[in-house]
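Every chain is numbered from 1 and lettered A, B, ... according to where its sequence line falls, protein lines coming before strand lines. Every heavy atom of this structure was used, including side-chain atoms; hydrogens, water molecules and symmetry mates were not.
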Protein chains: 2
Amino acid sequence: MQKTRTTNQRLKILEHLRNIRTHPNAEAVFKSVRKDLPVISLATVYRNLNMLASQGTILKLEINGEYKFDANTCGHQHAVCTNCGKIIDIFEPAITTYALKKLTLNGFKSGCVDIIFKGRCDKC
Amino acid sequence: MQKTRTTNQRLKILEHLRNIRTHPNAEAVFKSVRKDLPVISLATVYRNLNMLASQGTILKLEINGEYKFDANTCGHQHAVCTNCGKIIDIFEPAITTYALKKLTLNGFKSGCVDIIFKGRCDKC
DNA sequence: TACCTATTGATAACAATTATCATTAACGGT
DNA sequence: ACCGTTAATGATAATTGTTATCAATAGGTA
Ligand SMILES: [Mn+2]
Ligand SMILES: [Mn+2]
Ligand SMILES: [Zn+2]
Ligand SMILES: [Zn+2]
């Protein structure tokens with residue numbers, strides 16, 4: 001078991017995600033964080049986003065053919081516009097609670113659910 | 001508005017999806033359908049899967065970094081093993097019904113929800 | 001301060017999907 | 001049954017998002 005080191009790159013990536021309410025992909029995080037840390041590499045962004053997601057610090061969503069990241073890990077949901085791709089947060093914690101409670105599958109123990117609504121946003 | 005033609009390739013792809021209970025990606029559908037239709041192209045499989053999904057005939061799920069297809073469009077859920085990637089059908093229609101009912105968002109009208117549980121399967 | 005090695009930056013490699021285009025075939029009209 | 005139109009196809013190039021590689025760097029500990 002290797003111990004993880006605290007790097008400036010990882011801190012800046014997490015800090016950025018916690019300051020926004022959008023759901024950027026790795027490329028977008030890279031472009032934003034690079035303003036503060038001009039030397040950071042895209043590979044480092046990918047590595048840290050994956051690390052943070054695997055330890056549960058952030059969410060890794062699969063939307064529109066790519067991974068989107070979210071620092072809000074509290075049971076909320078997402079709505080995706082099938083026309084323009086816009087992603088909106090839905091705060092109905094009861095849905096997540098209900099889904100996890102209902103799940104009494106044969107041997108399948110789950111602690112989290114991705115709930116993604118598909119439809120048209122108000123602009124489309 | 002162009003009218004769609006009924007092709008043997010599209011019929012075979014849909015027929016195959018309706019005969020299985022798994023959630024194959026385009027490549028897997030291609031390999032299976034090619035047994036019946038040796039000359040079919042991978043591009044044709046992609047085109048038809050996307051067409052069938054956009055018209056709501058089949059589901060297009062985003063799991064483990066790729067699109068998976070499902071001919072069962074009735075409101076069920078999916079559980080994905082975070083260790084081996086296995087996908088299991090969960091039949092708890094009440095979850096989908098509850099989620100759609102709870103969704104009373106500003107202008108966002110949705111008719112379908114993708115509900116994906118993440119956890120460990122019985123083998124892992 | 002010196003050592004160990006986790007992490008990084010740069011870039012190559014990879015995998016999934018989409019775009020392109022000449023050819024084929026579905027189907028409504030004759 | 002034969003056309004003519006054009007949606008759809010097969011083959012393959014191009015694109016995109018992500019991961020792998022590896023020498024160099026820097027975090028943590030003594
Ligand atoms: Mn969110
Ligand atoms: Mn299914
Ligand atoms: Zn929209
Ligand atoms: Zn498993």
Side-chain angles (χ1 to χ4, degrees), chain A residues 1-17 22-55 57-70 80 82-83 85 87, chain B residues 1-17 22-55 57-70 80 82-83 85 87:
Chain A
M1 187 71 84
Q2 67 183 27
K3 92 186 304 246
T4 60
R5 295 175 182 175
T6 310
T7 67
N8 203 243
Q9 287 90 334
R10 183 150 49 240
L11 287 175
K12 281 285 180 6
I13 288 168
L14 184 56
E15 181 187 297
H16 171 67
L17 278 179
T22 54
H23 304 80
N25 60 9
E27 185 77 35
V29 172
F30 172 59
K31 284 179 179 166
S32 299
V33 173
R34 196 161 49 164
K35 291 171 188 168
D36 263 321
L37 235 73
V39 293
I40 197 170
S41 163
L42 178 59
T44 299
V45 173
Y46 269 105
R47 273 186 301 248
N48 281 297
L49 288 173
N50 284 335
M51 174 183 288
L52 291 167
S54 70
Q55 68 189 30
T57 307
I58 64 173
L59 294 183
K60 185 179 183 179
L61 307 167
E62 300 193 50
I63 296 173
N64 294 332
E66 59 187 27
Y67 292 111
K68 312 281 194 179
F69 300 89
D70 189 348
V80 181
T82 50
N83 187 247
I87 302 173
Chain B
M1 187 69 87
Q2 67 184 23
K3 94 186 301 256
T4 61
R5 296 174 183 175
T6 310
T7 67
N8 203 244
Q9 287 88 336
R10 182 150 50 242
L11 288 174
K12 282 284 180 8
I13 289 168
L14 183 56
E15 180 187 295
H16 170 67
L17 278 179
T22 53
H23 304 81
N25 60 9
E27 185 77 35
V29 172
F30 172 60
K31 284 178 178 166
S32 298
V33 174
R34 197 161 48 165
K35 292 171 187 168
D36 264 321
L37 234 71
V39 293
I40 199 171
S41 162
L42 177 59
T44 299
V45 173
Y46 269 103
R47 274 187 301 249
N48 281 296
L49 288 173
N50 284 336
M51 173 183 287
L52 291 167
S54 69
Q55 68 189 30
T57 307
I58 63 172
L59 294 183
K60 185 179 183 178
L61 308 167
E62 300 194 49
I63 296 173
N64 294 330
E66 59 186 29
Y67 291 112
K68 313 280 193 180
F69 300 89
D70 189 348
V80 181
T82 50
N83 187 247
I87 302 173

Novice: Check the distance between D/dT12's C1' and B/Phe30's CZ and give it to me in whole angstrom.
Specialist: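 Spelled out: CZ on B/Phe30 to C1' on D/dT12 is 12 Å.
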Novice: Where is the tightest heavy-atom contact between B/Val80 and B/Gly85, given as atom of each residue plus distance?
Specialist: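 Taking every non-hydrogen atom into account, CG1-O, 4.1 Å.
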Novice: Can you tell me how far C1' of D/dT18 sits from CD1 of B/Ile63, to the nearest Å?
Specialist: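 The distance from CD1 of B/Ile63 to C1' of D/dT18 comes to 18 Å, rounded to the nearest Å.
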Novice: Rounded to the nearest 0.5 Å, how far apart are CD of A/Glu62 and CG of B/Leu61?
Specialist: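 Here the interatomic distance stands at 10.0 Å.
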Novice: Report the end-to-end axis angle of the helix from C/dT1-D/dA30 to C/dT30-D/dA1; each axis comes from five terminal pairs, and the value is rounded to 10°.
Specialist: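 One end's axis against the other's: 50°.
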Novice: How long is the line joining CD1 of A/Ile40 and P of C/dA10, in whole Å?
Specialist: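 So the CD1-P distance, A/Ile40 to C/dA10, works out to 11 Å.
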Novice: Does some side-chain heavy atom of A/Phe69 sit less than 4.5 Å from a side-chain heavy atom of A/Lys60?
Specialist: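 When only atoms from C-beta onward are counted, A/Phe69 and A/Lys60 do touch, with a gap below 4.5 Å.
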Novice: Within the 4.0 Å limit for protein heavy atoms, which parts of nucleotides 11-20 of chain C are touched? Write it as a string from 5' to 3', B for base, S for sugar-phosphate only, - for none.
Specialist: B----SBBBB
Novice: What is the distance from CG of A/Leu61 to C1' of D/dG17, rounded to the nearest Å?
Specialist: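 Checked: the CG to C1' distance equals 16 Å.
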Novice: Are B/Ile63 and B/His23 packed together at the side-chain level, in the sense that at least one heavy-atom pair is separated by less than 4.5 angstrom?
Specialist: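 A side-chain contact is absent here, since even the closest heavy-atom pair is not under 4.5 Å.
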Novice: With sequence neighbours excluded, tell me which residues meet side chain to side chain donor-acceptor pair (under 3.5 Å) with A/Thr7.
Specialist: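 Partners of A/Thr7 under the side chain to side chain donor-acceptor pair (under 3.5 Å) test: none.
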Novice: Between P on D/dT19 and CE on A/Met51, what's the gap in Å once rounded to a whole number?
Specialist: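 After rounding, the gap between these two atoms is 13 Å.
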Novice: Which residues within residues 3-13 of chain B lie with some heavy atom under 4.0 Å of an atom in DNA chain D?
Specialist: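 When residues 3-13 of chain B is checked for heavy atoms under 4.0 Å from DNA chain D, the hits, listed by number, are B/Lys3, B/Thr4, B/Arg5, B/Thr7, B/Gln9, B/Arg10.
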Novice: Quick one: does B/Pro24's side chain get under 4.5 Å of B/Leu17's, heavy atoms only?
Specialist: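 They are in contact (side-chain heavy atoms under 4.5 Å apart), so the answer is yes.
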Novice: Starting at CD of B/Glu62 and ending at C1' of D/dG17, how long is that distance when rounded to a whole Å?
Specialist: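 For the pair B/Glu62 CD and D/dG17 C1', the rounded distance is 12 Å.
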Novice: Donor-acceptor pairs under 3.5 angstrom involving side-chain atoms of residues 30-45 of chain B: please list them, not counting sequence neighbours.
Specialist:
| unit_1 | atom_1 | unit_2 | atom_2 | d |
| --- | --- | --- | --- | --- |
| B/Ser32 | OG | B/Ala28 | O | 3.1 |
| B/Ser41 | OG | B/Ala43 | N | 3.2 |
| B/Thr44 | OG1 | B/Arg47 | NH2 | 3.0 |

Novice: If you round to the nearest 0.5 Å, how far is CG of B/Leu52 from CG of B/Leu59?
Specialist: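 Reported value, rounded in 0.5 Å steps: 11.5 Å.
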Novice: Using side chain to side chain donor-acceptor pair (under 3.5 Å) as the criterion, list what pairs up with B/Glu66, not counting sequence neighbours.
Specialist: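 Counting only residues at least two positions away or on another chain, B/Glu66 forms a side chain to side chain donor-acceptor pair (under 3.5 Å) with B/Asn25, B/Lys68.
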Novice: Answer whether the closest heavy-atom distance between the side chains of A/Arg10 and A/Thr6 falls below 4.5 Å.
Specialist: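 The answer is no; the side chains never approach within 4.5 Å.
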Novice: Given side chains that start at C-beta, do those of B/Met51 and B/Gln55 come closer than 4.5 Å, heavy atoms only?
Specialist: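 They are in side-chain contact.
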